[in-house]
**Q** 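Mind looking over this structure? Questions follow.
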Amino acid sequence: MAGGAARGRRHSFGGSSSSAAGASGGGGDVFVRAGADNEVYVRADMIDLKTLDMQLERTRSQAWMEHQRSQRSASPLPEPLLLEWEIDLAKLDIQNQIAHGTFGVVYRGTYDGLDVAVKVLDWGHNGQESSAKHRAAFEKEVAVWQKLDHPNVTKFVGASMGTSQLKIPKKGGGRAVPKECCVVVVEFQHGGTLKTLLYNHRDKKLSYKKVVHLALDLARGLSYLHSKRIMHRDVKAENMLLDRKRTLKIADFGVARVEAPSCEVTGQTGTLGYMAPEVLQGKPYDHKCDVYSFGILLWETYCCAIAYPNYSLADISYHVVKLGIRPDIPRCCPRAMSDQGSRIRPVTGNRRPPVPVYRSGLAGYRSEPVEFKFEFKLPRSTGSDRYAGRLDRYTGRFGRYTGRFGW
Ligand SMILES: Nc1ncnc2c1ncn2[C@@H]1O[C@H](COP(=O)(O)OP(=O)(O)OP(=O)(O)O)[C@@H](O)[C@H]1O
């Protein structure tokens, strides 16, 4: 009460205390009574302003905390914190189904207004152990993909590690939506897969210029991945998507691995025809296995055909590993792409002349290990030396594949 009075009348004190009468205490008293109504005043010279300010501050902060607490209890549950890559399901609109993958369904949709492909993963009901394994693989895929940013790599938008709140329209048909599903959202690519493009050109082949553009896109994308120490391990036509301008984008990091420095991995991962001999044999391998697959895919892109159609694992292993057979390069292939004569050298140490393997065809294939360099120049007709220059630069990085690659 006294404090309140003190605050309320502080300004009126002025020099009035000297005229105050009827002091209630000795010279040290703070309070004085004055006037007929015995009003209580405070002696200005005795007020400890510092303590008063501290008290005031304490009261104010208590009131503020009280206010915050009441606000919190009035509002609904706090928003859960989203991880860096976690999608906000409220912004996801799933539309029609576009494909069935091995472990789920791919839908088209939008995320926050962006055209996206939504991969809803379903690992079946093969027991908790298998599901945990797949989940761990999925987490790895997300961890690899979310950090990537390159024009030739499909852009990762986000993921959800397990949700029961997906709204999937029934009309698409297909499998029932699993109760708890993991979801990957990536930028939608409007041009379909490279596999479809090659199939559509099985009769009328792609122009050479287009082949080189696609090869460059793939080379740049792979080179970027390798610079981040990532092996894709499943380079194949199905996993290459095209945008509206037919720029190639590497997709599907399901089996991609981050390569530990100076470390090789084992395990047969990939797709038969694209697997490097060392992978087929179950030997240790590193990022060079992608270079081998790149070569096979380059051949497929040029020929608009499948490298080893209808081969079983046993057939491919026998032909590729034991006989050292590789796809035959057509004679019509421009020398700039096919003639690796000056680039293929035995790495056995003896300086024999370069081996123009492709000319002799499969019958004359030399099986000694060769150093293969993807180095081709555009012919003048394409009117662009720029690409040749870039490709040369890229070649430097890719030029160390020393498997049995005998074009
Ligand atoms: N970003 C995308 N834009 C457009 N279509 C896509 C996209 N991602 C995937 N698809 C389509 O979905 C198909 C399957 O996708 P994806 O290969 O990622 O699934 P998957 O389950 O990993 O399949 P698999 O393991 O059999 O290779 C692709 O072939 C393509 O047609």
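Every number for a ligand or one of its atoms is a count from 1 in the order of the listing. Hydrogens, waters and symmetry mates play no part in the numbers below; they use all other heavy atoms, side chains included. One-based numbering along the sequence shown.
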**Q** Numbering the atoms of ligand 1 from 1, which are under 4.0 Å from a heavy atom of Ala99?
**A** 12 (O), 13 (C)

**Q** Check whether any side-chain heavy atom of Phe188 lies under 4.5 Å from a side-chain heavy atom of Thr110, and answer yes or no.
**A** no

**Q** So is there a nitrogen or oxygen of Gln189 less than 3.5 Å from a nitrogen or oxygen in ligand 1?
**A** yes

**Q** Can you list the ligand 1 atoms lying under 4.0 Å from a non-hydrogen atom of Ala117?
**A** 1 (N), 2 (C), 3 (N), 7 (C)

**Q** Would you mind listing which atoms of ligand 1 come within a distance below 4.0 Å of any non-hydrogen atom of Thr193?
**A** 29 (O), 30 (C), 31 (O)

**Q** Assess the side chains of His190 and Asp115: does a donor N or O sit below 3.5 Å from an acceptor N or O?
**A** yes

**Q** Give the numbers and elements of all ligand 1 atoms closer than 4.0 Å to a heavy atom of Glu187.
**A** 1 (N), 2 (C)

**Q** Could you tell me if the side chain of Asp149 sits less than 4.5 Å from the side chain of Lys155, heavy atoms only?
**A** yes

**Q** Is it the side chain (CB and beyond), the backbone, both or neither of Asn239 that lies under 4.0 Å from ligand 1, heavy atoms counted?
**A** side chain

**Q** If you measure every N/O of Lys236 against every N/O of ligand 1, is any gap under 3.5 Å?
**A** no

**Q** Go through ligand 1 atom by atom and flag the ones less than 4.0 Å from a non-hydrogen atom of Val186.
**A** 1 (N)

**Q** Quick check for you: to the nearest 0.5 Å, what is the distance between Met231 atom CE and His226 atom NE2?
**A** 8.5 Å

**Q** Restricting to non-hydrogen atoms, name the atom on Asp217 and the atom on Leu248 that form the minimum distance, rounded to 0.1 Å.
**A** OD2-N, 3.0 Å

**Q** Let me confirm one number: the NZ-CG distance from Lys249 to Leu241, rounded to the nearest 0.5 Å.
**A** 10.0 Å

**Q** Just do the salt bridge (charged side-chain N to carboxylate O under 4.0 Å, His left out) check on Asp252 and Lys236 with the steps written out, would you?
**A** CA-CA 10 Å; Asp252 199 354; Lys236 60 176 177 179; over 6 Å; no

**Q** Considering His190, His100, Lys119, Glu238, which one's heavy-atom position lies nearest to atom 18 (O) of ligand 1?
**A** Lys119

**Q** Could you list which atoms of ligand 1 come closer than 4.0 Å to a heavy atom of Phe188?
**A** 3 (N), 4 (C)

**Q** Answer side chain, backbone, both or neither: which part of Lys195 comes under 4.0 Å from ligand 1, heavy atoms only.
**A** neither

**Q** Less than 4.5 Å apart, any side-chain heavy atom of Trp85 and any of Met161?
**A** yes

**Q** With a heavy-atom distance limit of 4.0 Å, tell me whether Leu241 approaches ligand 1 through its side chain, its backbone, both, or neither.
**A** side chain

